[in-house]
Asks: 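Okay, here's the structure, questions in a sec.
Because only heavy atoms are used, hydrogens play no part in the values below, and waters and symmetry mates are left out as well, while side chains stay in. Lettering follows sequence order; numbering is per chain, from 1. Keep in mind it's a predicted model, so treat the numbers as computed, not measured.
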There are 2 protein chains.
Amino acid sequence: MLSKKTKYGLKALAYLAAQPDKKPVQISEIAENENISQKFLESILLSLRKTGFLGSKKGKGGGYYLLRTPEEISMTDVMRVLEGPIAMVPCVSLNFYETCDDCPDEHTCSVHKLMLQVRDSALDVYRNNTLKDIIS
Amino acid sequence: MLSKKTKYGLKALAYLAAQPDKKPVQISEIAENENISQKFLESILLSLRKTGFLGSKKGKGGGYYLLRTPEEISMTDVMRVLEGPIAMVPCVSLNFYETCDDCPDEHTCSVHKLMLQVRDSALDVYRNNTLKDIIS
DNA sequence: TGAAAACTCTATTAAATTAGTAGGGTAATA
DNA sequence: TATTACCCTACTAATTTAATAGAGTTTTCA
């Protein structure tokens, strides 16, 4: 299940990408328009800023804005930052790999075999979608 | 993230599918060989029996066995029973559909758009894999 | 026939994660 | 210099997951 954090983060990014100009947008504006708790959104935008997706401007007329153009922002990167691993089990994760403590051998594990395919198919989707692609 | 329930359920199914004959296999045997808590596995096998994947035989010499051949068991069905919805958000789920309370319009929602693709790609994988395909 | 083997079922619980809430602090701009 | 708006920490309620405990029932085989 997709976490609210990821869902809200994606919506906020899409909202910023849909702006006609690059002027900073206030948290409160995004929160209202996308029906998100303002405080919760605050923490999500903060993490997107720390990971290089967003810039912010303080003071009057301040807010958040995209640091890159929408077509430069890959869903792969966004998902990894917001949701974490794309794989459903750590033993098939590219960026968050861990061995299973129960499994004696990955190569003969049926779960591993299936989840490898699922990961690859999900990666395919994320790699083929930028922020620009998902705004309408 | 894949739940342990699903992981263990898949492993148990694969274990049964790998049996040379159709004799019932005891819970304890599966639990030991696959490093699964026996009591937890018990409840998982029970749910697989109630959903028509497994049959059971009581008493001495009893245990669980597959009701269908491995190539007749689609990963789509198994995943839906063990893990629940294949979609990451309810608004793109085929079997567990729900509207989002926050989203004003699904058709213009960027999250919806992306998650629809992810669901389809996952479904593709599950539809193309039977229990036979994932045992080695 | 009776005892052991093995499944069945209910209820409880511990741990982890998620989704927020509260509230004060700090920086920048008009 | 006051206001706006971001920044940060800590706490908490709710939910889900992963078991655990224990009693009960059915079946089979000796």
Asks: Please report the interatomic distance CD1(Ile73(B)) to CG(Leu16(B)), rounded to the nearest 0.5 Å.
Replies: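 Here the interatomic distance stands at 9.0 Å.
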Asks: Could you give the CE-to-C1' distance, from Met1(B) to dT18(C), as a whole number of Å?
Replies: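 These atoms are roughly 14 Å apart.
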Asks: What is the separation between atom CG on Leu41(A) and atom P on dT21(C), rounded to the nearest whole Å?
Replies: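 Distance, rounded to whole Å: 12 Å.
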Asks: Quick one: do the Glu29(A) and Tyr15(A) side chains pair a donor with an acceptor below 3.5 Å?
Replies: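 A donor-acceptor contact under 3.5 Å links the two side chains.
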Asks: It should be established whether Ser37(B) places a side-chain nitrogen or oxygen under 4.0 Å from OP1 or OP2 of nucleotide dT20(D).
Replies: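 Yes, Ser37(B) has a side-chain N/O under 4.0 Å of OP1/OP2 on dT20(D).
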Asks: Report yes if at least one side-chain N or O of Tyr65(B) is closer than 4.0 Å to OP1 or OP2 of dA6(C); otherwise report no.
Replies: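 Indeed not, no polar side-chain atom of Tyr65(B) lies that close.
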Asks: With respect to the side chain of Lys5(B), which nucleotide from dA18(D), dC6(D), dT8(C) is positioned closest?
Replies: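 Selected nucleotide (nearest to the side chain): dA18(D).
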Asks: Which nucleotide sits closest to the side chain of Gln26(B): dG20(C), dT20(D), dC7(C)?
Replies: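 Closest of the options to the side chain of Gln26(B): dC7(C).
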Asks: Can you figure out which of dA5(D), dG20(C), dC9(C) approaches the side chain of Lys50(B) most closely?
Replies: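 It is dC9(C).
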Asks: Which residues end up grouped with Ile135(A) if you chain together Ile, Leu, Val, Met, Phe, Trp and Tyr wherever their side-chain heavy atoms are less than 4.5 Å apart?
Replies: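 None; Ile135(A) is a cluster of one.
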Asks: Of all the choices, dA19(C), dC7(C), dG20(C), which nucleotide is nearest to the side chain of Ser3(A) once you look at every atom?
Replies: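 From the listed options, dA19(C) comes nearest.
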Asks: Going by the salt bridge (charged side-chain N to carboxylate O under 4.0 Å, His left out) test, which pairs reach into residues 82-104 of chain B, not counting sequence neighbours?
Replies: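 For residues 82-104 of chain B, and leaving out neighbouring residues, the salt bridge (charged side-chain N to carboxylate O under 4.0 Å, His left out) pairs sorted by first residue read Lys7(A)-Asp102(B), Lys11(A)-Asp102(B).
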Asks: Just so I know, are the side chains of Leu48(B) and Leu82(B) near enough to count as touching, which here means a heavy-atom distance under 4.5 Å?
Replies: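 A side-chain contact under 4.5 Å exists here.
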Asks: Any chance you could measure Thr69(A), atom OG1, to Glu71(A), atom CD, to the nearest 0.5 Å?
Replies: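 With rounding to 0.5 Å, OG1 (Thr69(A)) is 4.0 Å from CD (Glu71(A)).
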Asks: Categorize Ile27(A) for me: base, sugar-phosphate, or nothing, with a 4.0 angstrom heavy-atom threshold over every strand shown.
Replies: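 Since only primed, P, OP1 and OP2 atoms lie under 4.0 Å of Ile27(A), the category is sugar-phosphate.
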Asks: Using whole Å, report how far NZ of Lys4(A) lies from C1' of dT21(C).
Replies: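 One finds 16 Å between C1' of dT21(C) and NZ of Lys4(A), rounded.
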Asks: Under 4.0 Å between a side-chain N or O of Tyr8(A) and OP1 or OP2 of dG20(C)?
Replies: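 So the side-chain polar atoms of Tyr8(A) do come within 4.0 Å of the phosphate oxygens OP1 or OP2 of dG20(C), strictly under.
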Asks: Please encode protein proximity along nucleotides 23-30 of chain D as a string of B, S and -, counting only heavy-atom distances under 4.0 Å.
Replies: B--SBSS-
Asks: Between Glu29(A) (CD) and dT4(D) (P), how many Å, whole number?
Replies: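 My rounded result for the distance is 16 Å.
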Asks: Quick one: pull up CD1 in Ile44(B) and CG in Leu54(B) and give me the separation to the nearest 0.5 Å.
Replies: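 One gets 11.5 Å once the value is rounded to the nearest 0.5 Å.
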Asks: For the atom pair CG (Leu46(B)) and CG (Leu41(B)), what is the distance rounded to the nearest 0.5 Å?
Replies: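 Reported value, rounded in 0.5 Å steps: 10.5 Å.
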Asks: If you look only at pairs with a residue in residues 36-51 of chain B, which of them pass as a salt bridge (charged side-chain N to carboxylate O under 4.0 Å, His left out), with sequence neighbours excluded?
Replies: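 Output for this query lists Lys39(B)-Glu42(B).
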Asks: Could you state the atom-to-atom distance from CD of Gln38(B) to C1' of dA19(D) in whole Å?
Replies: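 Going from Gln38(B) (CD) to dA19(D) (C1'), I get 13 Å.
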Asks: Can you spot which of Val125(B), Val118(B), Asp120(B) makes a side chain to side chain contact (heavy atoms under 4.5 Å, CB included) with Ser121(A)?
Replies: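 Of Val125(B), Val118(B), Asp120(B), side chain to side chain contact (heavy atoms under 4.5 Å, CB included) with Ser121(A) is met by Val125(B) alone.
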Asks: Within the structure, does a side-chain N or O atom of Ser28(A) lie under 4.0 Å from either OP1 or OP2 of dA5(D)?
Replies: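 For dA5(D), neither OP1 nor OP2 has a side-chain N or O of Ser28(A) closer than 4.0 Å.
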Asks: Which whole-number value in Å describes the distance from Leu45(A) CG to dA5(D) P?
Replies: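 From Leu45(A) CG to dA5(D) P: 15 Å.
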Asks: Counting only side-chain heavy atoms from C-beta out, which of dC6(D), dT8(C), dC7(D) sits nearest to Leu46(A)?
Replies: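 Out of dC6(D), dT8(C), dC7(D), the nucleotide with an atom closest to Leu46(A)'s side chain is dC7(D).
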Asks: Please round to the nearest 0.5 Å and tell me the distance separating atom CD of Glu34(A) and atom OG of Ser110(B).
Replies: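 Result: 7.0 Å between the selected atoms.
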Asks: Is there a side-chain contact between Arg80(B) and Thr51(B), using heavy atoms and a 4.5 Å cut-off?
Replies: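 Result no, sub-4.5 Å side-chain heavy-atom pair not found.
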Asks: Measure all distances between protein nitrogen or oxygen atoms and nitrogen or oxygen atoms of nucleotides 11-13 of chain C, and list the pairs falling under 3.5 Å.
Replies:
none

Asks: I need the CZ-P distance between Phe40(A) and dA13(D), as an integer number of Å.
Replies: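 In whole Å, dA13(D) P lies 17 Å from Phe40(A) CZ.
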Asks: Could you identify which residues of residues 97-104 of chain B place a heavy atom less than 4.0 Å from some atom of DNA chain C, listed by residue number, or say none?
Replies: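 Close to the strand, none.
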Asks: Between CG of Leu114(A) and CE of Met75(B), what distance do you get to the nearest 0.5 Å?
Replies: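 Here the interatomic distance stands at 6.5 Å.
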Asks: So, OP1 or OP2 of dA6(C): does either fall under 4.0 Å of a side-chain N or O from Ser56(B)?
Replies: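 Indeed not, no polar side-chain atom of Ser56(B) lies that close.
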Asks: Between atom CZ in Arg49(A) and atom P in dA5(D), what is the gap in whole Å?
Replies: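 Spelled out: CZ on Arg49(A) to P on dA5(D) is 17 Å.
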